[in-house]
K.L.:
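I'd like to ask some things about the structure below.
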Amino acid sequence: MNKGRSERYDHKQIEDKWHEHWNAMSLYRTQEDPSRPKCYVLDMFPYPSGDGLHVGHPKGYIATDVYSRFKRMQGFNVLHPMGWDAFGLPAEQFALKNKVHPSTAVAKNCHRFKEQLEKIGFNYDWEREINTTDPNYYKWTQWIFLRLFERGLAYQSNEPINWCPSCLTGLANEDLDGDRCERCGTKVEKKPIRQWVLRITAYADRMLEDLDLLEWPASIKESQRNWIGKSEGAMIDFVHDGATTSVAPLSVFTTRPDTLFGVTYVAISPELTLRYLAEKIIHENAEIEDFAKNLIAEAADVEYGAVTEKRGAFTGAYVIHPITQAKIPLWVANYVLSDYGTGAVMGVPAHDVRDFDFAKQYGIDVLTVVSPQKDTPSDTHLMEAYEGDGYLINSREFNGRENREAIVAIVKAAKGKQQTQYRLKDWVFARQRYWGEPIPLVFEGDSDVAYPVDESDLPVLLPQVEFYEPTGTGESPLAGIPEWVNVKGYITERGTFKLVTNEHPAPVGTKVKDFRRETNTMPQWAGSSWYYLRYIDPKNNEKLVDPTLEHYWSPVDVYVGGAEHATRHLIYARFWHKVLYDIGVVSKPEPFARLQNVGLIMASDGRKMSKRYGNVINPDDVIETFGADSLRLYEMFMGPFDQSIAWSTDNMVGARRFVERVWKLADKVGDIEEDKLTEVLLHQTIAKVGADIEAFKFNTAVAQLMICLNGLEKLVAVPLRSYRAFLLLLAPFAPHMTEEVWLRFEESESIHIQQWPIFDPAKTVGNTVAIAVQVGGKHRDTLHLERDASKEDVEKTARERDLVKKWIDGVEVKKVIVVPNKIINFVI
RNA sequence: GCCGGAGUGGCGUAAUGGUAGCCGCGCUCGACUCAAAAUCGAGUAUCGAAAGAUGUGCGGGUUCAAGUCCCGCCUCCGGCACCA
């Protein structure tokens, strides 16, 4: 029983002690157990920066910790791992600045991060710790690349890509913030360099469709939908006027083929104009060439997103309308984007605001072909474009038909074809930097035909070198390491490159040749696109993941991280997962069944916490002063989990008080019966806390625990039964203190492997209820009655109350509404 | 411009269409103390002495009853944006 009065609550002593014990007894080690339901709870693993953690970082980790402890107590076999996303530009730049090798810096930073995390008392299974920079890990990142390569999902490109002149590397579209480098804010340039690109667009449709399978926040799904940007429409060809049959016609993409008869010009982007000039499709014309070049230069100058004046010029060339065979003037226009669709649009001024503006400005005809009412003559003097639906006019045999309904027929008549267009672009996957996974490909001689490295030669190790500064020429620093680049080997019958060394000579009779390695590395997103699978089988060197284990643990049940990953990590990981699904490595179509976004913790000044502003709160300091349990409780209590809220050390004090009051309450615990009121309170609390944790409403779960504590404190003596249940409910939030107190009353093992308390719905309600009395919708009195009292009794009692009489005497009561156990309203 | 989300005390916030402000912070008063801190107790939306009235961004509406539902606005946050 009660082992004497408690000592003063010494969080430091208690927390250190339990970290050691839990470690020693491997309390949180996870093993597969097909007899129990599994629950895979995952945090977005951190990039271990040199600055260490601030109090905002662990908020999500605390939530998954609470959730996973709760699920374990409910009988689930829980997988809750942690690791490090340690490749990438930030790590490399940190290393350059501090004059250490990235691998040294990473090791140090990981160590520091782990130390900080351990102080918070997380229940991670550290035996499954992973690190994306570990060759045993990136072997499999490279392996996945080879699968992409062999399926034609990785291709080389010399198209101009986004080049950050400050980071000295190419960037994917997703790494841009408008037209600036998302990392350093520098305006990116278009630069044609050789790149590896992943064909993510091939999966656009499936990624869009399968969003419906996911229990994710609506905002994230919406962001992904916007990012993928699907448009249904048609591709329609306009033959160049006077061109020979060998010249390919000009294709335009349109979502409004129904307006085809309203085309009064066709506009092409300045880039396409230059190409047409070069190919002599447009007659040599220095004026137009200068004009197009100017438009390109201007566009590069203009602030991103700014709406600029529409400008254009007639090129002198014509195209032929696919149905009417009319000659349509070909214009160059600054509002036609070169990298969406075909870089050409059909101009329908009457039914597109942009085309209307352009046509007005240059005196181009406006021809109405859709009229909102049937049999209404067209308004030949439109004041603005009509983008709505209606009936076709001026459209020959299609006149009178509903515009949408006629689309298929018009496309057919124009010999066009239905087509879907996406905003999403293929993923620029190569980086011209040192600190990333080498892309496992080789080239023979000067050829640009790539051969995949044979699987038996994986991983392709990143060479340990002194000098790894970027070259700035667009080449990776690896290109400057000839002893790494130049290799000997042969091409196997499977078409793979097999390395030949002194230790591993070629089979007799094989012709060994010189090859050079691909020197680009992978972007930081590579390692994080599949890491959730590695935790399932972290030591496997034969397979990416054992199928039985994968089948047991997949998918991740709850994934927690910041909303800023909506269109990068969460898109890339879904893409890779679907490829792995197609080749049978994983068994579920989606990696993350449920996603919960964690809101930022802002500094108390309302700004982001940042070293730059000097407003960072270090969790180590908070834990030193208040303890990890208080920090955990406060971060869960501060507000809705997904909302960003400012840190307040004042409010932090409240959490600490709560912990101390629970601690002190142990002194009042006695082996006595639970009275009815306390029983109801406990059952209500069990119900509420469980439901709230499941729903990630930790703030109201903690509030309920406080309500419960307030109730227990009012008792002269606290029944052991009640206190026990309370500790169990609090254990996921405050694992150290509850463990310490628990073992004062129990001979048993840890509180964290106990059964979660069960509640009886019948016991969550008391015998009496408070019923509000309203007269004319206004609150006038409160009745305390037996629960489930009849409507008649409630009304009778209410009518006898002075406070009610006062309002209903002398007025006509038209109606009486009674909501059982809640409210009675006299309608007057 | 399109899409998604949010506006409630001094502050963080809470409310299956059913007593708006639970819980916490702060503040006020009281107890304990030589004193202070800590702790404990009482109070704390606004106006009003009270009765009562008012009150969830603004304006309408539906309903016996609206923070919650509907219509029209305003503001803030996030995504996309000359995307054809």
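Worth knowing before you read on, the calculation uses all heavy atoms, side chains too, and leaves out hydrogens, waters and symmetry mates. A, B, ... follow the sequence lines: proteins, then strands. Residue 1 opens every chain. Bear in mind the structure is a predicted one, so any value in this text is a computation, not a measurement.
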K.L.:
What is the nucleic acid contact for A/K815, judged by heavy atoms within less than 4.0 Å: base, sugar-phosphate only, or nothing?
P.N.:
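The answer is sugar-phosphate, as A/K815 gets under 4.0 Å only of primed atoms, P, OP1 or OP2.
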K.L.:
With A/D650, which residues qualify under salt bridge (charged side-chain N to carboxylate O under 4.0 Å, His left out), at least two apart?
P.N.:
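Not a single residue meets the salt bridge (charged side-chain N to carboxylate O under 4.0 Å, His left out) criterion with A/D650.
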K.L.:
Between A/R799 and A/E795, does any side-chain N to carboxylate O distance fall below 4.0 Å?
P.N.:
yes
K.L.:
Among all residues two or more places apart in sequence or in another chain, which pass the salt bridge (charged side-chain N to carboxylate O under 4.0 Å, His left out) test with A/R568?
P.N.:
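Once residues adjacent in sequence are excluded, the partners of A/R568 under the salt bridge (charged side-chain N to carboxylate O under 4.0 Å, His left out) criterion are A/E182.
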K.L.:
Run the side chain to side chain donor-acceptor pair (under 3.5 Å) test against A/R311 and tell me which residues pass, sequence neighbours left out.
P.N.:
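Per chain and number, A/R311 pairs via side chain to side chain donor-acceptor pair (under 3.5 Å) with A/E298.
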K.L.:
Check every strand shown and say whether A/K310 touches a base, only sugar-phosphate, or nothing at a heavy-atom separation below 4.0 Å.
P.N.:
base
K.L.:
Tell me whether A/R632 contacts the main-chain N or O of A/P732 through its side chain, where contact means a donor paired with an acceptor under 3.5 Å.
P.N.:
yes
K.L.:
How would you label the contact of A/V345 with the nucleic acid (heavy atoms, under 4.0 Å): base, sugar-phosphate, or nothing?
P.N.:
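Here A/V345 touches the bases of the nucleic acid.
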K.L.:
In whole Å, measure the gap between the C1' atoms of B/G9 and B/C22 for me.
P.N.:
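Result for the C1' pair: 13 Å, nearest Å.
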K.L.:
Between A/Q643 and A/T342, just flag the one whose closest nucleotide in RNA chain B comes earlier from the 5' side.
P.N.:
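Final value for this comparison: A/Q643.
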K.L.:
Write down the distance separating the C1' atoms in B/A66 and B/U62, rounded off to the nearest Å.
P.N.:
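Looking at atom C1' only, B/A66 and B/U62 are 10 Å apart.
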K.L.:
Between A/R594 and A/E694, does at least one N-O distance fall below 4.0 Å, as a salt bridge requires?
P.N.:
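The answer is yes: the pair qualifies as a salt bridge.
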K.L.:
Mapping A/I771 and A/T255 onto RNA chain B by nearest heavy atom, which one lands closer to the 5' end?
P.N.:
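Comparing both residues, the 5'-ward one is A/I771.
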K.L.:
For the residue pair A/Y265 and A/Y362, is the inter-centroid distance of their aromatic rings smaller than 6.0 Å?
P.N.:
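Not close enough - the centres of the two rings lie 6.0 Å or further apart.
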K.L.:
Compile the donor-acceptor pairs under 3.5 Å between side chains in residues 684-691 of chain A and protein atoms, sequence neighbours left out, one pair per line.
P.N.:
residue: A/Q684; atom: NE2; partner: A/T764; partner atom: O; Å: 3.0
residue: A/T685; atom: OG1; partner: A/L681; partner atom: O; Å: 2.7
residue: A/T685; atom: OG1; partner: A/Q704; partner atom: NE2; Å: 3.1
residue: A/K688; atom: NZ; partner: A/D692; partner atom: OD2; Å: 3.2

K.L.:
Which is true for A/R311 with a 4.0 Å heavy-atom rule: it touches a base, it touches only sugar-phosphate, or it touches nothing?
P.N.:
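A/R311: no heavy atom of the nucleic acid under 4.0 Å.
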K.L.:
What contact category does A/V816 fall into here, base, sugar-phosphate, or nothing, at under 4.0 angstrom with non-hydrogen atoms?
P.N.:
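Answer is nothing: A/V816 stays at 4.0 Å or more from every strand.
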K.L.:
For A/I645, report the nucleic acid contact type (base, sugar-phosphate, nothing); a contact means any heavy atom under 4.0 Å.
P.N.:
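Sugar-phosphate contact only.
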K.L.:
May I ask you to say what A/T308 touches in the nucleic acid, namely base, sugar-phosphate or nothing, with a heavy-atom cut-off under 4.0 Å?
P.N.:
base
K.L.:
Base, sugar-phosphate, or nothing: which does A/P640 touch, judged by heavy atoms less than 4.0 Å apart?
P.N.:
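If one applies the 4.0 Å heavy-atom cut-off, A/P640 turns out to touch the sugar-phosphate alone, with no base involved.
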K.L.:
Pick the P atom in B/G18 and in B/C83, then give their distance to the nearest Å.
P.N.:
44 Å
K.L.:
NA contact type, A/K806, heavy-atom cut-off 4.0 Å: base, sugar-phosphate, or nothing?
P.N.:
sugar-phosphate
K.L.:
Convert the base pairs of RNA chain B into dot-bracket notation, remembering that pairs crossing earlier ones are written with [ ] and that bases paired across to another strand are shown as |; include only Watson-Crick or G-U pairs under 3.5 Å.
P.N.:
(((((((..(((.....[....)))((((((.......))))))(((....)))..(((((..]....))))))))))))....
K.L.:
Apply ring-ring contact (aromatic ring centres under 6.0 Å, His included) to A/F696 and list each qualifying residue two or more places apart in sequence or on a separate chain.
P.N.:
A/Y67, A/F641, A/F698
K.L.:
Which whole number of Å gives the distance between the P atom of B/C71 and that of B/U8?
P.N.:
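Nearest-Å result for B/C71 against B/U8 at atom P: 22 Å.
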K.L.:
Test of understanding: with salt bridge (charged side-chain N to carboxylate O under 4.0 Å, His left out), list the residues that count as partners of A/E174, not counting sequence neighbours.
P.N.:
none
K.L.:
For A/K221, is the NZ atom crowded, meaning more than 12 foreign heavy atoms sit under 6.0 Å from it?
P.N.:
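Counting other residues, nucleotides and ligands, NZ of A/K221 exceeds 12 neighbours.
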K.L.:
With sugar-phosphate meaning primed atoms plus P, OP1 and OP2, does A/I707 contact a base, only sugar-phosphate, or nothing at under 4.0 Å between heavy atoms?
P.N.:
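Sugar-phosphate, backbone atoms only, no base.
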K.L.:
Which two nucleotides bound the region of RNA chain B that has atoms under 4.0 Å from heavy atoms of chain A, read 5' to 3'?
P.N.:
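Range of nucleotides touched by chain A: B/C3 to B/A84.
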K.L.:
Please work out if A/N699 contacts a base, only the sugar-phosphate, or nothing of the nucleic acid, heavy-atom cut-off 4.0 Å.
P.N.:
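Result for A/N699 = sugar-phosphate.
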K.L.:
Syn or anti for B/G9, with syn set at within 90° of 0?
P.N.:
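Chi for B/G9 falls in the syn range.
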K.L.:
Anything under 3.5 Å between a donor and an acceptor, one on a side chain of residues 807-828 of chain A, the other on a protein residue two or more places apart or in another chain? List them.
P.N.:
residue: A/N821; atom: OD1; partner: A/D788; partner atom: N; Å: 2.8
residue: A/N821; atom: ND2; partner: A/D788; partner atom: OD1; Å: 2.9
residue: A/N825; atom: OD1; partner: A/G777; partner atom: N; Å: 3.1

K.L.:
With rounding to the closest Å, how many angstrom separate the P atoms on B/G43 and B/A14?
P.N.:
24 Å
K.L.:
How would you label the contact of A/D357 with the nucleic acid (heavy atoms, under 4.0 Å): base, sugar-phosphate, or nothing?
P.N.:
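If one applies the 4.0 Å heavy-atom cut-off, A/D357 turns out to touch nothing in the nucleic acid.
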K.L.:
Does the side chain of A/L272 come within less than 4.5 Å of A/L250's, by heavy atoms?
P.N.:
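The answer is yes, as the side chains (C-beta and beyond) meet within the 4.5 Å cut-off.
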K.L.:
Pick the C1' atom in B/C74 and in B/A20, then give their distance to the nearest Å.
P.N.:
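The answer is 24 Å between these two C1' atoms.
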K.L.:
By a strict heavy-atom criterion of less than 4.0 Å, which residues belonging to residues 646-657 of chain A are in contact with RNA chain B?
P.N.:
A/D650, A/N651, A/G654, A/R657
K.L.:
Taking B/U75 as the reference, what is the distance to B/G52 when you measure between their P atoms (whole Å, please)?
P.N.:
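After rounding to an integer number of Å, I get 41 Å for this pair.
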K.L.:
Would you find a donor on one side and an acceptor on the other, under 3.5 Å apart, between the side chain of A/K59 and the backbone of A/G599?
P.N.:
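Such a contact is found between A/K59 side chain and A/G599 backbone.
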K.L.:
If we take the C1' atom in both B/U68 and B/U16, what is their distance in whole Å?
P.N.:
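Nearest-Å result for B/U68 against B/U16 at atom C1': 11 Å.
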K.L.:
Closer than 3.5 angstrom, by distance alone: can the side chain of A/T264 be matched with the main-chain N or O of A/D365 as a donor-acceptor pair?
P.N.:
yes
K.L.:
With the threshold set at under 4.0 Å for non-hydrogen atoms, list the residues of residues 775-798 of chain A touching RNA chain B in residue-number order.
P.N.:
A/K778, A/H779, A/R780, A/T782
K.L.:
Using the salt bridge (charged side-chain N to carboxylate O under 4.0 Å, His left out) criterion, which residues pair with A/R225? Sequence neighbours excluded.
P.N.:
A/D212, A/E222
